[in-house]
Amino acid sequence: MKFFIDTANLDQIKEAQALGVLDGVTTNPSLMAKEGITGKDNILKHYVHICNIVEGDVSAEVVATDLEGMIREGEELADLHEQIVVKIPMIKDGVKALKYFSDKGIRTNCTLVFSPGQALLAAKAGATYVSPFLGRLDDISTDGLNLISEIRLIYDNYDFETQILAASIRHTMHVIDCAKIGADVMTGPLSSIEGLLKHPLTDIGLAKFLEDYKKGNP
Ligand code: G3P
């Protein structure tokens, strides 16, 4: 399972990278705005900064919603750095753009996916990654994890190569449940990765080991 961090915050990306388990980064216009990164030039520069911190894939989202615009922006993003994956929304022109980029060998991440049918379309169009937003489904009392299971079943039925990127992960149990289901990738905040570390018995056990060591080695 690949671990992506879902942020545009450089400090958090560096911290996750330093842990040694980071495989990539996902961003979106909201995450960029949260960091105060505005204006096309600054946004493009920020993507390059992120690519220089991590070794893996960095999803960069188009903001156009028409085919021509998405193609223009996506090609510009892909030219920025070899690690860039073009993030395309699940809309009609988005499906066409996924197919266009797939035919050109440009990697894509189909975002804002909330149903198995949308995920099937993304795979048919040749998306590299599909991003079902499980946290946002949970937010409206719908079982987000069930969507991940349904997509896994459909993709396995037909050996689709599109990777399931479980997105809108909110906490460690989402990560663990997605790993059980077989999501290829999860993207979440730093807390969802670092939270996996925590267990009180680890802390109690370590304190006891150190205490016993000190007794034998005063
Ligand atoms: O990767 C998608 C993600 O950015 C959405 O997460 O927490 O805003 O639902 P959230």
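Along the sequence shown, the residues carry numbers beginning at 1. Just so you know, ligand 1 is whichever comes first in the structure, and atom 1 is the first atom listed for that ligand. What you see is a predicted model; the values in this text were computed from it and never measured.
Side-chain contact check for E35 and N9: at least one donor-acceptor pair (N or O, by modelled atom type) lies under 3.5 Å.
Between H49 and H46, the ring planes lie perpendicular to each other; the angle is over 60°, past the 30° to 60° tilted range.
Backbone and side-chain nitrogen or oxygen atoms of D6 are examined, and one is located within less than 3.5 angstrom of a nitrogen or oxygen of ligand 1. At under 3.5 Å, a nitrogen or oxygen of S168, whether backbone or side chain, sits near a nitrogen or oxygen of ligand 1. The N/O atoms of R170, backbone and side chain alike, include one that comes under 3.5 Å of an N/O atom in ligand 1.
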Note to self: Determine whether R136 and D139 satisfy the following criterion, salt bridge (charged side-chain N to carboxylate O under 4.0 Å, His left out), listing intermediate values before the conclusion.
What the structure shows: CA-CA 5 Å; R136 290 194 194 183; D139 288 345; 5.9 Å; no
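Here T187 has side-chain heavy atoms under 4.0 Å from ligand 1, and that is the only part of it that gets that close.
Side-chain atoms of E73 do not come within 3.5 Å of backbone N or O of E68 as any donor-acceptor pair. The closest donor-acceptor contact from the side chain of E55 to the backbone of D23 lies at 3.5 Å or more, if one exists at all.
Under a 4.0 Å criterion applied to the non-hydrogen atoms of A167, ligand 1 contributes the atoms 1 (O), 2 (C).
Distance from atom 2 (C) of ligand 1 to its nearest protein heavy atom, with residue and atom name: F133 CZ, 3.3 Å. In terms of protein heavy-atom proximity, atom 8 (O) of ligand 1 is nearest to R136 NH2, 2.9 Å.
The minimum heavy-atom distance linking Y129 with T162 is given by the pair C-CG2, 3.8 Å.
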